[in-house]
Amino acid sequence: MGATPNGFNLDSTGKRIVVDPVTRIEGHMRCEVNVDEQGIIRNAVSTGTMWRGLEVILKGRDPRDAWAFTERICGVCTGTHALTSVRAVEDALGITIPNNANSIRNIMQLNLEIHDHVVHFYHLHALDWVNPINALKADPKATSELQQIVSPSHPMSSPGYFRDVQNRLKAFVESGQLGLFKNGYWDNPAYLLPPEADLMATTHYLEALDLQKEIVKIHTIFGGKNPHPNWLVGGVPCPINVDGTGSVGAINMERLNMVSSIIDKCMEFNKNVYIPDVVAIGGFYKNWLYGGGLSGKSVMAYGDIPENPNDFSAENLYLPRGAIINGNLNEVHDVDQRDPEQVQEFVDHSWYTYGEPGKGLHPWDGVTEPKYELGPNAKGTRTNIIELDEAAKYSWIKAPRWKGHAMEVGPLARYVVGYAKGHEDIKNQVDGLLRTMNLPLTALFSTLGRTAARALESEYCGRLQKHFFDKLVQTIKNGDSTTANVEKWDPKTWPKEAKGVGATEAPRGALGHWIKIKDGRIENYQCVVPTTWNGSPRDVAGNIGAFEASLMDTKMERPEEPVEILRTLHSFDPCLACSTH
Amino acid sequence: MSQIETFYEVMRRQGITRRSFMKYCSLTAAALGLGPAFVPKIAHAMATKPRTPVIWVHGLECTCCSESFIRSAHPLAKDVVLSMISLDYDDTLMAAAGFQAEAALMDTIEKYKGNYILAVEGNPPLNEDGMYCIVGGKPFVEQLKMAAEHAKAIISWGACASYGCVQAAAPNPTRATPVHKVILDKPIIKVPGCPPIAEVMTGVITYMLTFDKMPELDRQGRPKMFYSQRIHDKCYRRPHFDAGQFIEHWDDDNARKGYCLYKMGCKGPTTYNACSTVRWNEGTSFPIQSGHGCIGCSEDGFWDQGSFYNRLTNIKQFGIEENADRVGMTAAGVVGGAVAVHAAISALKRAQKKNQEKVEG
Amino acid sequence: MTNVTTEAPTLRGVQADPEDLSSASRQTSVYVYEAPVRIWHWINAAAILTLMVTGYFIGSPLPTMGTGEAYDQFVFGYIRFVHFAAGMILTVGFFGRIYWAFVGNHHSRQLFYFPFWSGEYWREVLYEVRWYLFLAKEPKKYVGHNPLAQLAMFFFITLGVSFMIITGMALYAEGAGQGSIFDTLFGWVLGLVQNSQRLHTLHHLGMWWIVVFMVVHIYVAVREDIMSRQSIVSTMISGHRTFKDDRPD
Ligand code: HEM
Ligand code: HEM
Ligand code: NFV
Ligand code: SF4
Ligand code: SF4
Ligand code: F3S
Ligand SMILES: [Mg+2]
């Protein structure tokens with residue numbers, strides 16, 4: 001098979017291992033790899049196995065409704081598509097939003113990042129590193145000591161606390177009904193933690209489960225519910241009324257106090273639990289540095305969290321924008337979503353057709369036309385796939401490329417771009433972590449690096465959330481309670497034709513929605529989503545996507561038990577409903 | 001609902017001896033890396049009443065039903081999963097993947113035939129032989145049917161499983177189909193909403209465990225305890241509705257006073273759900289309380305009732321921008337115009353006739 | 001009923017019985033619409049007008065009114081109350097009218113059917129259409145409804161009002177709540193039309209169906225009063241049909 005243009009050596013002669021379903025992700029995904037006699041992955045194929053057709057469904061609808069449709073692309077990164085959508089519509093129609101709306105939207109988006117990161121780490125990713133069954137062997141007292149070393153200021157650290165959790169866990173295991181832990185890989189030598197660390201992390205699995213339902217209440221306050229809070233073209237739907245008649249029914253002091261206390265809780269958890277856990281667990285896996293993939297080569301971020309409303313220039317964004325190619329950290333390219341030459345999607349290996357092979361389309365001109373077919377070398381049948389043929393079409397995910405390059409997006413991409421650009425907060429965090437763990441910068445380009453970047457980002461987002469909360473209060477104090485601009489609410493005020501783009505940094509990476517409006521209706525709507533980038537299949541030139549690249553050259557302890565595959569795939573936090581939409 | 005058999009009873013029924021059962025227990029303990037001390041404990045647990053097994057499958061969906069579920073405050077999601085049910089298969093949360101995950105599924109179906117609850121999130125697409133949603137290389141609809149065959153009851157989580165939801169919105173490219181149209185021979189409890197409220201989800205499950213029976217359902221198959229009234233029937237803004245006090249524009253004075261959202265397109269009057277009473281996220285708020293109208297997310301076909309911001313539904317059949325009033329006024333206008341013309345001609349004719357009569361007369 | 005004795009004038013209205021036929025002359029007035037029919041007609045007309053106005057405002061409310069606290073005013077509540085009250089009157093009246101169809105004279109039955117299988121009937125409809133298209137020189141005489149009117153009454157009133165009652169009651173049942181008598185009787189409608197939003201839309205469209213009838217109905221009533229050979233409007237007041245000439249047919 002040989003080398004890909006983006007620098008990976010593929011060899012599919014070894015034993016083919018299939019993982020389907022890939023679990024502890026959002027949506028449906030399949031992964032196939034070839035391993036050589038040493039159990040090392042020499043070829044990787046990742047497949048998105050669902051498609052719903054949101055882009056088709058959106059055609060002809062009211063652009064003001066699009067946020068609600070696109071929000072349902074994903075209930076995990078809930079709200080981020082809605083934000084991207086209202087930005088795209090506002091961009092197309094030239095609608096500006098008030099200062100308060102900008103602060104509230106930022107708080108909601110940051111809140112999502114934190115929630116998503118925490119749930120991902122504890123509930124989707126942790127079991128790749130942590131063995132809850134092994135936790136039964138732990139000494140609660142030693143666990144308590146470990147907790148106090150790892151995080152001296154975390155209040156829940158007494159031996160009794162850990163003993164209680166352990167007893168509960170014991171009762172659960174002894175019931176013989178293992179539920180979610182059933183058939184796990186608990187005796188696989190890939191698990192390296194001592195029982196005390198396992199008990200500590202398992203305890204935090206439960207703590208985080210309790211906490212996450214608190215985090216999202218910020219969405220509930222501003223958007224009425226979570227998952228799937230409400231958004232509005234032109235601002236936010238929640239009015240502010242801190243002291244007038246009827247303020248009990250609006251954003252008032254009680255609501256603001258609740259938001260503020262949740263922000264504090266998030267910051268505390270990040271500081272006392274999340275980051276310390278990543279450091280502690282990471283410490284035991286320090287030598288497992290697989291999974292870099294594209295992260296050290298090609299990464300991209302759109303940037304997000306504007307300080308001032310309606311200004312999406314890179315200098316106005318707290319999360320960095322830029323692209324790095326071929327591992328050259330000294331040069332950060334700017335990214336322009338409007339440039340027809342930059343972002344393009346290809347479908348040569350995806351179950352779609354453009355009618356013409358090898359073609360890339362900029363999303364404004366994007367086409368979504370399904371075409372399901374298996375390649376000649378696939379094994380099995382159309383409705384019972386045994387092995388895929390990656391030389392042909394093999395995924396419901398399209399292949400987006402930036403100037404022809406397959407890119408990795410996500411927290412690590414953002415942190416690499418930020419680091420390369422000298423983003424002060426990011427640089428401090430990264431350098432600090434590497435110093436604590438006594439690791440070189442290159443260690444960042446790995447499965448663990450991805451997981452660590454997510455934790456650092458969660459912490460950073462907490463601080464930003466606080467900043468925007470203070471800003472919101474300050475603006476209200478200055479006498480401005482406006483939350484929506486309705487000047488162009490009525491479609492009669494719109495131009496006959498318009499097009500726009502909305503970009504955000506979703507928890508999993510760069511997210512863009514491109515819209516074309518004609519006669520007050522959606523003419524074309526295209527989403528290119530973080531997991532579309534990361535989960536991308538091959539392109540016509542043979543470049544493999546970020547998931548595939550990251551699996552390459554990983555050593556599997558037991559090829560029939562896909563712990564390592566899960567570990568690395570999970571480090572991206574794959575969201576398949578997002579990826580294909 | 002019938003009692004769940006214990007694990008031991010099931011094994012005995014299948015002709016497995018006590019001796020092999022004990023062996024199974026020690027193998028389990030060994031597989032988990034636990035010492036022989038655990039063997040009698042596991043055996044004891046398996047011979048007493050088990051937690052109800054739940055198989056939770058996922059079709060075309062956005063997973064927000066799962067996300068909602070884990071937000072439950074009373075009971076806490078962890079208590080449900082650790083102490084009330086046995087969530088034996090859920091691809092979003094389970095440790096095992098691939099073959100081991102599929103084995104966990106088969107194992108539960110085998111051992112608890114007729115005694116497990118099947119929870120379905122999302123729905124199966126039927127176009128393209130079902131391959132718009134693939135699990136284990138096969139169409140999801142096959143997994144659904146297989147798991148449904150021996151289920152005691154099925155819970156359709158959310159608008160997806162209950163009605164089709166967003167992927168079934170026109171033109172429904174994948175032919176996403178609600179569960180009750182694919183599984184015809186099982187009791188199905190629809191718990192609609194996009195997503196349903198967390199405490200409604202856990203409420204339905206705990207009701208079944210506590211009272212050992214199916215919840216009473218309404219005509220559409222939804223538990224009456226949460227879906228028998230509209231948002232509007234218990235909306236705290238209802239006095240403003242009755243008073244005729246409406247928000248006329250986003251963020252106007254009326255919005256800041258918390259007037260009724262009817263004119264902003266609120267679908268509370270046409271939506272059956274518990275939002276205005278149970279509220280969301282431990283009673284923190286609900287859409288209307290936070291200033292946006294209800295979009296009707298627990299209703300069948302809510303995506304295709306026109307814009308969420310229109311009080312009157314758009315009617316596609318009459319062209320893109322029409323609602324009942326515009327259709328009606330147009331019809332009435334045309335008829336009125338025709339009447340006017342007709343009246344004019346009639347008057348003319350009559351005048352003619354009179355003239356003629358005069359001439360003749 | 002087209003078997004007419006040879007002595008009688010050859011008035012061929014399909015709905016005319018021998019008695020009608022023998023009396024259809026200028027001099028004689030025929031008692032067509034009995035008091036219950038007339039009373040119903042005007043109550044029904046008033047109810048429908050009320051329902052239209054209130055119904056329209058239920059769909060598209062007036063600008064926010066009043067500055068007082070919500071408990072001080074009940075504007076929208078009253079609009080809805082009047083709608084429901086008129087709806088109940090309409091419904092009761094309609095059932096009363098159905099009852100009268102059984103016990104009243106044969107004209108009282110015309111509203112509820114049309115002789116679909118009678119070729120004669122369709123020929124007369126055609127004639128009536130030609131008259132309205134100015135193709136026939138003269139209208140025919142009818143003791144009861146003219147055949148075209150009968151057709152219109154059936155589709156717009158019998159079916160139209162039934163539709164409005166069924167959908168209206170189904171909407172009302174939603175407010176009355178599950179388990180209420182309204183829900184028991186009409187709750188099934190909701191499931192049939194998929195959701196409540198659609199039920200509203202159908203009910204709303206039904207209004208315009210009836211508006212269309214009303215526009216034509218009132219116009220035609222006045223027109224025919226002037227141009228036809230018989231009394232029209234006064235008939236719905238006095239009940240008596242009188243004719244303007246002695247010619248048969
Ligand atoms: C010719 C007869 C009727 C007409 C023209 C009429 C008209 C209307 C209209 C236009 C609406 C507003 C629909 C919308 O856009 O949501 C409405 C609502 C309604 N009508 Fe009627 N209606 C009629 C008969 C009835 C009857 C017989 C009932 C039975 C009680 C009834 C009960 C209702 C109810 C309950 C509503 C909903 C009120 C609400 O949502 O607040 N209607 N009607
Ligand atoms: C100013 C208003 C109206 C006038 C002058 C009027 C007049 C009349 C007249 C003259 C007839 C008898 C037709 C004939 O001799 O064949 C009639 C019948 C009828 N009209 Fe009206 N009408 C009015 C309003 C309405 C309204 C608003 C409705 C309901 C939408 C209505 C419904 C009916 C019905 C159902 C009949 C048939 C009665 C039966 O056979 O029981 N009318 N009307
Ligand atoms: N990929 C993806 Fe999302 C995210 N983050 C969205 O844009 O997860 Ni559901
Ligand atoms: S019903 Fe709604 S919330 Fe639930 S999975 Fe479907 S789209 Fe998501
Ligand atoms: S806000 Fe919506 S649900 Fe509440 S009273 Fe008004 S219309 Fe009804
Ligand atoms: S939009 Fe859905 S969340 Fe409740 S208030 Fe309406 S049913
Ligand atoms: Mg797309």
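In what follows, chains are A, B, ... by sequence order, proteins preceding strands, each numbered from 1.
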- What part of Phe81(C) gets closer than 4.5 Å to chain B, counting heavy atoms only: side chain, backbone, both or neither? neither
- Item | Part of Tyr272(B) within contact of chain C (heavy atom distance under 4.5 Å) | side chain
- Take atom CD of Gln352(B) as the centre, draw a 6.0 Å sphere, and report whether it contains more than 12 heavy atoms from other residues, nucleotides or ligands. yes
- Which portion of Phe74(C) sits near chain B, non-hydrogen atoms under 4.5 angstrom: both
- Query: What part of Gln229(B) gets closer than 4.5 Å to chain C, counting heavy atoms only: side chain, backbone, both or neither?
  - Reply: neither
- Query: Can you tell if the side chain of Arg326(B) reaches within under 4.5 Å of the side chain of Trp208(C), non-hydrogen atoms only?
  - Reply: no
- Task: Looking only at non-hydrogen atoms, find the nearest pair between Phe241(B) and Phe76(C) and report the distance.
- Result: O-CB, 3.0 Å
- The reported gap from CZ in Arg311(B) to CD in Gln197(C) (rounded to nearest 0.5 angstrom) is 6.0 Å
- Task: Name the member of Lys263(B), Glu248(B), His232(B) that forms the most heavy-atom pairs with chain C at distances under 4.5 Å.
- Result: Lys263(B)
- Which pair of heavy atoms, one from Tyr227(B) and one from Gln178(C), lies closest together, and at what distance? O-NE2, 4.2 Å
- Message: With salt bridge (Lys or Arg N to Asp or Glu O under 4.0 Å) as the criterion, how do Asp183(C) and Arg219(B) come out once you've worked through the C-alpha distance, each side chain's angles and the decisive distance to 0.1 Å?
- Response: CA-CA 11 Å; Asp183(C) 177 60; Arg219(B) 283 196 190 81; 3.1 Å; yes
- Query: Side chains of Ser196(C) and Thr270(B): donor-acceptor distance under 3.5 Å anywhere?
  - Reply: no
- Query: Considering only heavy atoms from C-beta outward, does the side chain of Leu205(C) approach that of Val327(B) to under 4.5 Å?
  - Reply: yes
- Could you list which of residues 180-195 of chain B have a heavy atom closer than 4.5 Å to any heavy atom of chain C, in residue-number order? none
- Could you tell me which portion of Arg238(B) (side chain, backbone, both or neither) has an atom closer than 4.5 angstrom to a non-hydrogen atom of chain C? side chain
- Turns out that what part of Asp233(B) lies under 4.5 Å from chain C's heavy atoms comes down to side chain
- In terms of heavy-atom pairs under 4.5 Å with chain C, which of Pro239(B), Ala332(B), Gly244(B), Ala347(B) leads? Gly244(B)
- Query: Can His342(B) and Tyr219(C) be said to form a side chain to side chain donor-acceptor pair (under 3.5 Å), step by step?
  - Reply: CA-CA 10 Å; His342(B) 200 274; Tyr219(C) 164 65; 2.7 Å; yes
- Item | Pairs of heavy atoms under 4.5 Å with chain C: top-ranked of Arg350(B), Glu299(B), His240(B), Gln220(B) | Arg350(B)
- Query: What residue in Tyr78(C), Trp209(C), Tyr71(C), Trp188(C) has the most heavy-atom pairs under 4.5 Å with chain B?
  - Reply: Trp188(C)
- His204(C) NE2 to Thr313(B) OG1 distance, which is reported to the nearest 0.5 Å: 10.0 Å
- Does the side chain of Phe134(C) come within less than 4.5 Å of Ser346(B)'s, by heavy atoms? yes
- Within a radius of less than 6.0 Å around NE2 of His249(B), do more than 12 heavy atoms belonging to other residues, nucleotides or ligands occur? no
- Check whether Leu202(C) gets within reach of chain B through its side chain, its backbone, both or neither, counting any heavy atom under 4.5 Å. neither
- Who are the side-chain contact (heavy atoms from CB on, under 4.5 Å) partners of Val212(C), not counting sequence neighbours? Ala331(B), Val335(B), Phe156(C)
- Message: Heavy-atom cut-off 4.5 Å, strictly under: side chain, backbone, both or neither for Arg198(C) against chain B?
- Response: both
- Message: Checking Ser60(C) against Asp325(B): is there a side-chain donor and acceptor pair closer than 3.5 Å?
- Response: yes
- Note on the structure: Looking only at Val216(C), Val211(C), Ile226(C), most heavy-atom pairs under 4.5 Å shared with chain B are made by Ile226(C)
- Message: Does any part of the side chain of Thr64(C), heavy atoms only, come nearer than 4.5 Å to the side chain of Phe246(B), both counted from C-beta?
- Response: yes
- Point-to-point distance, once rounded to the nearest 0.5 Å, from NE2 of His200(C) to CD of Gln305(B): 11.5 Å
- Task: Let me know if Ile58(C) has heavy atoms under 4.5 Å from chain B in its side chain, its backbone, both or neither.
- Result: both
